[in-house]
Amino acid sequence: MKTLVWVEHDNASLADATLAAVTAAGKLGEVHLLVAGSGCRAVADQAAKIAGVGKVHIADDEAYANALAENVAPLVAQLMDHHDAFVAPATTTGKNIAPRVAALLDVMQISDILSVEGDKTFTRPIYAGNAIATVESSDPKLVITVRGTAFDKADADGGSAEIEEVSGPTDAGLSSFVSEEIAESDRPELTSAKVIVSGGRALKDSETFEQVITPLADKLGAGIGASRAAVDAGYVPNDYQVGQTGKIVAPEVYIAIGISGAIQHLAGMKDSKTIIAINKDEDAPIFQVADVGLVADLFKAVPELTEKL
Amino acid sequence: MKILVPVKRVIDYNVKPRVKADGSGVDLANVKMSMNPFDEIAVEEAIRLKEAGKAEEIIAVSIGPAKAQETLRTALAMGADRAILVETDDAVEPLAVAKILKAIAAEEEPGLVMLGKQAIDDDSNQTGQMLAALMGRPQGTFANTVEVDGDSVTVKREVDGGLQTVKLTLPAIVTTDLRLNEPRYASLPNIMKAKKKPLETKSPADYGVDTALRLTTTNVSEPPVRQAGEKVEDVDALVAKIKALGIA
């Protein structure tokens with residue numbers, strides 16, 4: 001089987017999320033990558049170095065600069081004439097593009113796979129991860145998105161794949177990119193952080209969130225996450241949200257502070273290696289999944305913890 | 001402009017799903033069902049656009065069993081003008097749903113199709129994008145803000161790194177994210193009024209769509225259960241635990 005993997009990037013460097021998708025694709029067969037962008041040669045060079053990659057397709061066009069689904073999906077659909085499976089990381093970019101590709105190919109996408117069980121059989125979470133479904137596709141081609149936390153990352157070095165230029169339909173004339181507000185931060189990205197400190201509604205407001213959570217995260221070199229309640233209340237921006245419909249994370253250590261543990265939040269973090277919870281409500285559901293729990297007033301306990309570490 | 005709002009009847013978001021012992025699926029007998037929360041946000045946004053004079057009519061659509069009528073009545077009580085139930089007792093996958101919606105859109109010619117980014121039962125996150133592809137129209141997924149202006153809609157999208165704004169030519173498909181709005185509750189008088197609003201019943205065959213499943217679910221199982229660990233007495237004990245993990 002020949003797979004085509006969507007390379008996630010910002011036209012300058014390749015995003016980590018790609019590497020787990022490469023591993024998943026490798027379980028199906030030969031791995032080809034697609035770098036679609038504008039002035040994205042450096043990304044293709046990086047992609048060619050990923051271990052286990054057979055070929056890198058580069059499609060360099062102004063119309064692909066922001067990965068608008070209207071423009072890139074027809075390109076992918078065309079390349080699928082020569083591939084059997086399209087594999088994308090389950091990032092917001094992958095989730096935006098892959099179903100559009102699937103519909104163009106008239107196949108049912110398999111979203112957010114956790115494992116590859118056979119040529120056409122996969123497991124995937126449903127009901128916020130409260131159930132795991134095993135599904136088998138009867139379509140002639142596969143379109144898959146991959147949950148990054150479920151697969152090891154492919155080695156970013158060691159490969160020397162050939163880079164081939166491809167072209168396809170360009171600007172569909174349906175949509176245009178206007179602007180982007182991307183948070184600049186020195187912190188580790190949530191989906192690849194080793195440690196995450198996450199705050200909930202109990203943090204009161206954005207100043208308090210910052211005062212309580214940030215120093216601890218700084219001390220641990222951690223990424224910062226939040227529950228939906230904290231994001232909805234405006235304490236932190238949307239890209240902090242961990243949960244069923246936000247980011248799915250699985251760090252070495254996840255520290256949940258003032259988070260009660262709704263099933264939608266647990267769906268996003270319960271595969272973390274160690275979960276630590278600080279909450280003043282000893283019956284909070286978060287304690288049912290936490291390896292280490294501290295029942296305490298977070299406004300006293302967290303500053304003390306930060307100081308003593 | 002008309003707005004088409006597809007809504008799905010799903011397990012209520014407060015209910016913890018139970019996997020059936022025989023591995024055939026999740027037990028939905030006697031379980032509270034509600035409108036998919038993301039679709040509620042879509043209904044709300046459509047109503048706000050109508051209130052702002054940007055839309056004239058809101059048509060709610062649901063594809064599912066007879067009981068999905070209740071979900072449509074909820075949409076009508078919130079403020080949708082009429083409803084279409086495409087009745088089927090079979091499971092319908094996003095691709096087939098998108099095909100049915102495409103056929104309805106061809107009849108109704110909406111300027112916007114507004115729907116939830118994903119349903120909280122199958123967590124597919126596909127229908128809006130598929131519909132956009134089938135209609136050959138633009139998509140604004142994971143919408144945080146929607147502004148309709150003349151023949152275009154500007155959508156601020158929630159993306160992994162933050163927010164991205166795109167401008168789409170109408171007609172367009174918009175899928176909603178959590179921060180777009182806070183849906184209203186239907187008032188009692190509006191619930192009464194909703195009972196008199198038109199609700200048409202159709203079948204997938206009326207739209208010439210084959211809903212045969214492309215994916216076969218061979219098993220549904222419980223995820224590995226995480227055991228609760230221990231509670232520590234004080235911060236000092238927690239410090240010791242964290243140090244033992246080698247991260248500080």
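What you see below is based on every heavy atom in this structure, not just the backbone, and it leaves out hydrogens, waters and symmetry mates. So that the names make sense, note that chain A is the first sequence line, chain B the second, and so on, each numbered from 1.
Annotation: maximal heavy-atom pairing with chain A below 4.5 Å, among B:L238, B:D234, B:L178, occurs at B:L178. Top candidate by heavy-atom pairs under 4.5 Å with chain A, chosen from B:G229, B:P224, B:A237, B:S152, is B:G229. Contact count against chain A (heavy-atom pairs under 4.5 Å) is highest for B:A132 among B:A132, B:G128, B:A96. Across B:L131, B:V159, B:V19, the residue that shares the most heavy-atom pairs under 4.5 angstrom with chain A is B:V159.
Residue B:Y13 touches chain A through both its backbone and its side chain, counting heavy-atom pairs closer than 4.5 Å. The part of B:Q227 that comes within reach of chain A is its backbone (N, CA, C, O), which places non-hydrogen atoms under 4.5 angstrom from that chain. Interface residue B:K167: backbone and side-chain heavy atoms are both found under 4.5 Å from chain A. Residue B:E182: no heavy atom, backbone or side chain, is found under 4.5 Å from chain A. Both the backbone and the side chain of B:I120 come within contact range of chain A, judged by heavy atoms closer than 4.5 Å. Contacts between B:V26 and chain A at a heavy-atom distance below 4.5 Å involve the side chain alone, from C-beta outward. When heavy atoms are compared at a cutoff of 4.5 Å, B:R18 does not approach chain A at all. Neither the backbone nor the side chain of B:A98 comes within contact range of chain A; no heavy atoms are under 4.5 Å apart. Interface remark: B:L170 contributes no atoms to any contact with chain A (heavy atom separation under 4.5 Å). With a 4.5 angstrom heavy-atom cutoff, B:V239 touches chain A via backbone and side-chain atoms both.
In the displayed structure, B:K2 atom NZ is contacted under 6.0 Å by more than 12 heavy atoms of other residues, nucleotides or ligands. In this structure, A:E189 places its CD atom where only 12 or fewer heavy-atom neighbours from other residues, nucleotides or ligands lie under 6.0 Å away. By the neighbour-count criterion of 12 heavy atoms within 6.0 Å, atom CD of B:E147 is sparsely surrounded, having that number or fewer from other residues, nucleotides or ligands. Heavy atoms from other residues, nucleotides or ligands lying under 6.0 Å from CD of A:E307 number 12 at most. At most 12 non-hydrogen atoms from other residues, nucleotides or ligands lie less than 6.0 angstrom from NZ of A:K280. Residue B:K67 qualifies as open at atom NZ: its count of foreign heavy atoms under 6.0 Å is 12 or below.
Partner A:N96 forms a side-chain hydrogen bond (donor to acceptor under 3.5 Å, both in side chains) with one of B:K117, B:Q164, B:Q139 and no other, that one being B:Q139.
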_Audit row: A:E70, B:L168, side-chain contact (heavy atoms from CB on, under 4.5 Å) steps and yes/no_ = CA-CA 10 Å; A:E70 296 80 4; B:L168 317 173; 4.2 Å; yes

*asked:* Quick one, B:L95 with A:V107, criterion side-chain contact (heavy atoms from CB on, under 4.5 Å). Give me CA distance, side-chain angles, the key distance, then yes/no.
replied: CA-CA 7 Å; B:L95 182 61; A:V107 310; 5.7 Å; no

_Applying side-chain contact (heavy atoms from CB on, under 4.5 Å) to A:K308 and B:D236, what does each step give before you reach the verdict?_
CA-CA 8 Å; A:K308 288 181 173 170; B:D236 287 327; 2.8 Å; yes

*asked:* side-chain contact (heavy atoms from CB on, under 4.5 Å), that's the test. Do A:V195 and B:L245 meet it? Break it down for me.
replied: CA-CA 11 Å; A:V195 182; B:L245 289 168; over 6 Å; no

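Of all non-hydrogen atoms in B:P223 and A:G129, the two that sit nearest each other are CG-O, 3.1 Å. Listed here is the closest heavy atom pair of A:N130 and B:K16: OD1-NZ, 2.9 Å. The two residues B:T169 and A:G173 come nearest to each other via the heavy atoms OG1-O, 4.1 Å. Smallest separation of non-hydrogen atoms from B:L163 and A:I182: O-CD1, 4.3 Å. When all heavy atoms of B:K231 and A:E282 are compared, the closest pair comes out as NZ-O, 3.3 Å. Among all heavy-atom pairs drawn from A:A102 and B:M130, the shortest one is CB-CE, 3.8 Å.
Judged by distance alone, the side chain of A:S138 and the main-chain N or O of B:R214 form a donor-acceptor pair under 3.5 Å. When atom types are taken as modelled, the side chain of A:E304 and the backbone of B:V235 share no donor-acceptor pair closer than 3.5 angstrom.
Counting only heavy atoms from C-beta outward, the side chains of A:V231 and B:R179 approach each other to under 4.5 Å. Contact annotation: the side chain of B:P17 approaches that of A:I263 to within less than 4.5 Å [non-hydrogen atoms, C-beta and beyond]. Annotation: side chain of A:L266 is not in contact with side chain of B:R226 (no heavy-atom distance under 4.5 Å). Between A:D239 and B:E158 there is no side-chain heavy-atom pair separated by less than 4.5 Å. Using a 4.5 Å cut-off on side-chain heavy atoms (C-beta onward), A:D112 and B:D123 make no contact. Using a 4.5 Å heavy-atom cutoff, the side chains of B:E93 and A:Q109 are not in contact. Under the 4.5 Å side-chain criterion, counting only non-hydrogen atoms from C-beta, A:N238 is not in contact with B:F142.
Salt bridge status for B:D160 with A:K95: absent, with no side-chain N to carboxylate O gap under 4.0 Å.
Atom OG1 of residue A:T274 and atom CD1 of residue B:I242 lie 10.5 Å apart, to the nearest 0.5 angstrom. With rounding to the nearest 0.5 Å, the separation of CG in B:L28 from OH in A:Y127 is 4.5 Å.
A:S111 and B:N125 share no side-chain donor-acceptor pair at under 3.5 Å.
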